[in-house]
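Report on one structure; see the data block that follows.
Quantities reported herein were computed from a predicted structural model and do not represent experimental measurements. Order of the sequence lines sets the chain letters (A, B, ...), proteins ahead of strands, with each chain counted from 1.
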Number of protein chains: 2
Amino acid sequence: MDMENRKEQIIERALVHIKKRGYLSFSYDHLSKELGLTKASIHYHFEKKESLGLAICDRIEIGLDQMILAINSMHIDPREKTMEFFRMRISHINSDEICPISAFQADFPYLPEILKQSVQYVTKKEIGCVAELLQDVHKNKNKNEAKAILLLSAMKGALQYRRAVGGEIMETISKQLEEIVQ
Amino acid sequence: MDMENRKEQIIERALVHIKKRGYLSFSYDHLSKELGLTKASIHYHFEKKESLGLAICDRIEIGLDQMILAINSMHIDPREKTMEFFRMRISHINSDEICPISAFQADFPYLPEILKQSVQYVTKKEIGCVAELLQDVHKNKNKNEAKAILLLSAMKGALQYRRAVGGEIMETISKQLEEIVQ
DNA sequence: ATACACTAACCTACTACTAAGTAAGTGTCA
DNA sequence: TGACACTTACTTAGTAGTAGGTTAGTGTAT
């Protein structure tokens, strides 16, 4: 397989693993067996685990950009745009998974410094995305930033709760997030 | 040192480690070195890591009971009681830590079955605690359960966000939680 | 004497990471 | 056209370090 396809394939599988079990707990061994390669081959594409971690952060960032682009091309109510962001975000996370950014945050103290920075960057970017969508609802920048953090914290906390209390929690939370957006 | 004191000491240190780095990532080796013991000695008190995990869940449950007891003996507004619960909960978590229940949830798919059950139990118990405190504010049981889940999700999500965006986030969130309680 | 709290030394499995080698292809020059 | 240098995408076989867990034995207080 050519370089770019294989790299993408590894990033995609690693992202699934991170959503399932976190950054520190997934291993090149698991990953390689799933892809029908050797560990060494993954090291060929991503010299260190850290390099793969950084590539995944980039991947998440690209995903955010694509979502914002898709949402801004929709002709719907501004309130609906914010909710659409959350719907899209949740739809990429299976019921046995958590948000990959949350997974990185859970392992944060033991990440290599450069990966910490990348996680910080993508975390802040996501908050910025939501805050900007909220700007079309009410024009209070400070309040929107605070609201964005609340909405995101609640959504991601809920995704983790889902593991212990079951699936119906996300509907319960979504309804209440809608009230907060209003 | 006598059995009960040592056991308590191990649980206490392990709880700190779980708040800092999660259940899967803390090790008997680290723990033993901190306590000036050997790994084997910790295995003497807690045969398996799983046993220690269960003891920590018990410990968290006892902590919840004590908080509810303390809060119910206060002569304050019902709204304030709910907020006091959150203040107490947050005060036990340092700025480089996350909620231990969240930490267990983050590692959930790879916990032994019996520990999963214990985490589920303590998760639901905490939701029950908050929902009951809310019963003194508004008497709508279903809505209070939903509100409890929202408040807890937001708080715990925010504790994880704090690692990537810094400490001032908790004040921002607390103010907004107060509005939701009203 | 016996139970308790502990240690030294070990085992197996798994982690990230590396060294050395190879088959298949690409580009270039006589 | 064909020989040569080089690259890509891998493999096999390792390294050192750490994980959870075990076994057999030691010191001590009652």
Find the bend of the helix from dA1(C)-dT30(D) to dA30(C)-dT1(D) as the angle between its two terminal axes (five pairs each), to the nearest 10°.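 It comes to 10° between the two terminal axes.
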
Verify, without hydrogens or angle tests, whether [X] (side chain) and [Y] (backbone) share a donor-acceptor contact under 3.5 angstrom.
X	Y	value
Ser153(B)	Ile149(B)	yes
His43(B)	Lys39(B)	no
Gln176(B)	Thr172(B)	yes
His92(A)	Met88(A)	yes

Quickly work out the [X] [atom1] to [N] [atom2] distance and round it to whole Å.
X	N	atom1	atom2	answer
Lys33(B)	dT7(C)	NZ	P	13 Å
Lys39(B)	dC11(C)	NZ	P	13 Å
Asp107(B)	dG20(D)	CG	P	12 Å
Asp29(A)	dA13(D)	CG	P	16 Å
Leu111(A)	dA16(C)	CG	C1'	15 Å
His30(A)	dA16(C)	NE2	P	9 Å

Distance-only donor-acceptor pairs under 3.5 Å for side chains of residues 78-85 of chain A, two or more places apart:
{"residue": "Glu80(A)", "atom": "OE1", "partner": "Arg87(A)", "partner atom": "NH2", "Å": "2.7"}
{"residue": "Glu84(A)", "atom": "OE1", "partner": "Arg87(A)", "partner atom": "NE", "Å": "3.2"}
{"residue": "Glu84(A)", "atom": "OE1", "partner": "Arg87(A)", "partner atom": "NH2", "Å": "3.3"}

Please confirm whether the shortest side-chain N or O distance from [X] to OP1 or OP2 of [N] is below 4.0 Å.
X	N	value
His43(B)	dC6(C)	no
His45(A)	dT8(D)	no
Tyr44(B)	dA5(C)	yes
Arg6(B)	dC4(C)	no
Thr38(A)	dC10(D)	no

Ring-face cation contact, Phe26(B) with Lys49(B), 6.0 Å cut, 45° max: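 Verdict for Phe26(B): a cation-pi partner in Lys49(B).
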
Partner set under side-chain hydrogen bond (donor to acceptor under 3.5 Å, both in side chains) for [X], not counting sequence neighbours:
X	value
Asp96(A)	Lys20(A)
Asp29(A)	Lys33(A)
Asp58(A)	none
Glu34(A)	Arg13(A), His17(A)

Near DNA chain D, under 4.0 Å by heavy atom, which residues of residues 12-28 of chain B?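 Those residues whose heavy atoms fall under 4.0 Å from DNA chain D, taken from residues 12-28 of chain B in numerical order, are Phe26(B), Ser27(B), Tyr28(B).
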
Identify, residue by residue, the members of residues 46-53 of chain B with a heavy atom below 4.0 Å from DNA chain D, and return them in order of residue number, or none.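 Within residues 46-53 of chain B, the residues near DNA chain D are Lys48(B), Lys49(B).
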
Candidate nucleotides dG20(D), dT7(C), dT15(C), ranked by approach to the side chain of Leu37(B) - the nearest: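 Ranking dG20(D), dT7(C), dT15(C) by closest atom to the Leu37(B) side chain puts dT7(C) first.
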
Going 5' to 3' through nucleotides 24-30 of chain D, assign each nucleotide B (protein heavy atom under 4.0 Å from a base atom), S (under 4.0 Å only from sugar-phosphate atoms) or - (no protein heavy atom that close). -------

Report yes or no: do Gln105(A) and Tyr23(A) form a side-chain donor-acceptor pair below 3.5 Å?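 No donor-acceptor contact under 3.5 Å links the two side chains.
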
With sequence neighbours excluded, tell me which residues meet side chain to side chain contact (heavy atoms under 4.5 Å, CB included) with Leu24(B).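 Leu24(B) satisfies side chain to side chain contact (heavy atoms under 4.5 Å, CB included) with Ser25(A), Asp107(B), Tyr110(B) only.
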
Sequence neighbours left out, what passes side chain to side chain contact (heavy atoms under 4.5 Å, CB included) with Lys19(A)? Give chain and number order.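 With sequence neighbours excluded, Lys19(A) shows a side chain to side chain contact (heavy atoms under 4.5 Å, CB included) to Leu15(A), Ile93(A), Glu97(A), Pro100(A), given in chain and number order.
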
Selection residues 169-182 of chain B - residue pairs positive for salt bridge (Lys or Arg N to Asp or Glu O under 4.0 Å), sequence neighbours left out: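 Every pair satisfying salt bridge (Lys or Arg N to Asp or Glu O under 4.0 Å) with a residue in residues 169-182 of chain B: there are none.
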
